[in-house]
2 protein chains.
Amino acid sequence: MNTDGATSWQAVRDEVLRRIREREWKPGDRIPHEADLARELGCARATVNRALRAVAEDGLIERRRRAGSRVALHPVRKARLDIPVIRVEVESRGLPYHFSLTSKSDELPPPAIRARMKTAPDTPLMHVVGLHMAGGRPHALEDRWIDADAVPGVRDADFSTISPNEWLVLNVPFEGGDIAFSATTATREDAAALDCAPGAALFLTERTTWHGTRILTTVRLLFAPGYRLHTEI
Amino acid sequence: MNTDGATSWQAVRDEVLRRIREREWKPGDRIPHEADLARELGCARATVNRALRAVAEDGLIERRRRAGSRVALHPVRKARLDIPVIRVEVESRGLPYHFSLTSKSDELPPPAIRARMKTAPDTPLMHVVGLHMAGGRPHALEDRWIDADAVPGVRDADFSTISPNEWLVLNVPFEGGDIAFSATTATREDAAALDCAPGAALFLTERTTWHGTRILTTVRLLFAPGYRLHTEI
DNA sequence: TTTCGCAATAAGTGCAGACATATTTTCGAG
DNA sequence: CTCGAAAATATGTCTGCACTTATTGCGAAA
């Protein structure tokens, strides 16, 4: 990185990781503060800061102002998960993609959905169901509820040409969301839609996204058998 | 953050996010380079750099030296997934944890495992099977293969008192790994171990970790029905 | 003895300037 | 016209310094 005597933040990070690995600093230990490390390693404090921030992001140390940095007691591996638009995911595997809209209507949501969307008892929500196809075969079944009042323009979206999944990603900014992954067995309807055996084990993704205090949408994505979500550490 | 006229990197980030959201900068567009933005927003280039780096980490822009930064064509949401030691995960739910070792032996791995571990045809590997219990009920079935030559000390580890999962996390540094999540149906053996119905849908995690060129271990974690992996964006 | 406020401390961040590095573009030689 | 070297340029990073902010711990007051 640098030809002169400067120490790169990566070098500092690696040295810190080495000390943690080799138990020079044990889980729970306070580690020297930034200024000391900077002096010891011969670099600016900002460089040490950058390095420690990186290590903290990986979950190996915990940092708090005034309290200092300490080696994490229970190292929690942090994996990064990429969640692409389904069309892109399918096409990146070289398969032609198609979305087919099954239904779209305003309905009173069942209690479970109403609770998740935190809407008033009598508020109807937009309910969209459709099937993502990959190479002519069913890939994922999307069952989505949208608070149309919170998502400007969604009433005019044509979900027969673009999936709600993609339309929302492209058109709706959101602050946060939560995602849960689980396994479930295919009901007879699921099986019919996804062209698999009833009772087959299916990978299920449930996502809810919000912006400010409003919950924008909640979706249930049921993937055809064989789907794997993959990531690297 | 700052009381004086200084612009915080968060403010720069928010302004950048705003411009992307409001289509001031459209997907695929080059955005102004750091120096220009710094001048425009009245801050140091380092501050803009920090902000843009953060936005890039979220996947909304792509940056390349000399080529500049551009708004991502297909915004890929990046979720962070915490992968705790199973014991910690169980205990954080307030349930007592217990690991029970089912078997541990050196065996010639089946071809699928051998391929994954990239070992020579006649190399035996350590094979450990055990059950993670939560509150007296089966929680997850761990089926692990370890290259004992690549993991110093593992031959002396007592997996009846500490799970291989936890022992490895605490004792073995590794560079990287890959993780796959999927759904599968319980075989009769799985069902017996996890105390569920055969054919039930189970959440499956497969992980392989390496260090340098050596593959250290590969594990198959099969969770009892009802398990959900949860994360936030 | 308890509690509250203040001083001390360590991380968090901002700035200006310099240099490093990866790419793209340009332009001259053949 | 093609190829390769050199120039240009945007991001990447380091430094030294100053100031901000969250937190802790201690000492004084109740």
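Letters A, B, ... mirror the listed sequences (proteins, then strands); counts begin at 1.
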Problem set entry | Whichever of A:S69 and B:A44 has its nearest DNA chain C nucleotide further upstream toward 5' | A:S69
Problem set entry | Presence of A:N49 side-chain N/O under 4.0 Å of C:dG12 phosphate oxygens OP1/OP2 | yes
For this session: Check whether any side-chain N or O of A:Q10 sits under 4.0 Å from OP1 or OP2 of D:dG12, and answer yes or no.
Result: no
For this session: Using modelled atom types only, decide if a donor and an acceptor are shared between the side chain of A:D158 and the backbone of A:S160 within a distance under 3.5 Å.
Result: yes
Exercise. Between B:E62 and B:R70, does at least one N-O distance fall below 4.0 Å, as a salt bridge requires?
Worked result: no
For this session: Could you state the atom-to-atom distance from CZ of A:R13 to P of D:dT13 in whole Å?
Result: 10 Å
Exercise. Nearest-Å distance, CD (A:E62) to C1' (C:dA10)?
Worked result: 16 Å
For this session: Classify the side chain of A:R63 versus the base of C:dA10 as yes if they form a donor-acceptor pair under 3.5 Å and no if they do not.
Result: no
Exercise. If you measure from the Lys or Arg side-chain nitrogens to the Asp or Glu carboxylate oxygens, is any gap between A:D147 and A:R214 under 4.0 Å?
Worked result: yes
Exercise. Looking only at side-chain N and O atoms, does A:T47 come under 4.0 Å of OP1 or OP2 in D:dT15?
Worked result: yes
For this session: Take the protein atom CH2 of A:W9 and the nucleotide atom C1' of C:dC19, then report the distance between them rounded to whole Å.
Result: 18 Å
Seminar exercise, completed: A:E34 atom CD is separated from D:dA18 atom C1', nearest whole Å, by 15 Å
For this session: Give B:R50 one of three labels, base, sugar-phosphate or nothing, depending on what nucleic acid heavy atoms sit under 4.0 Å from its own.
Result: sugar-phosphate
Exercise. In terms of the nearest nucleotide of DNA chain C, which residue is placed more toward the 5' end: A:R53 or A:R66?
Worked result: A:R66
Exercise. Do NZ/NE/NH1/NH2 and the carboxylate oxygens of B:D36 and B:R39 come within less than 4.0 Å?
Worked result: yes
Exercise. What nucleic acid atoms does A:R70 come within less than 4.0 Å of, heavy atoms only: base, sugar-phosphate, or nothing?
Worked result: nothing
Exercise. Can you check the A:R39 CZ to D:dT15 P distance for me, whole Å?
Worked result: 15 Å
For this session: Test for a donor-acceptor pair under 3.5 Å between the base of D:dT23 and the side chain of A:R65, counting only N and O atoms.
Result: no
Problem set entry | Distance-only donor-acceptor test, B:R45 side-chain atoms vs D:dG12 base atoms, 3.5 Å | yes
Problem set entry | B:R30 side-chain N/O to B:A67 backbone N/O, donor-acceptor pair under 3.5 Å | yes
For this session: Take atom CG of B:L52 and atom C1' of D:dT13, then tell me their distance rounded to the nearest Å.
Result: 15 Å
For this session: Between B:H33 and A:A67, name the one whose nearest nucleotide on DNA chain D is closer to the 5' end.
Result: B:H33
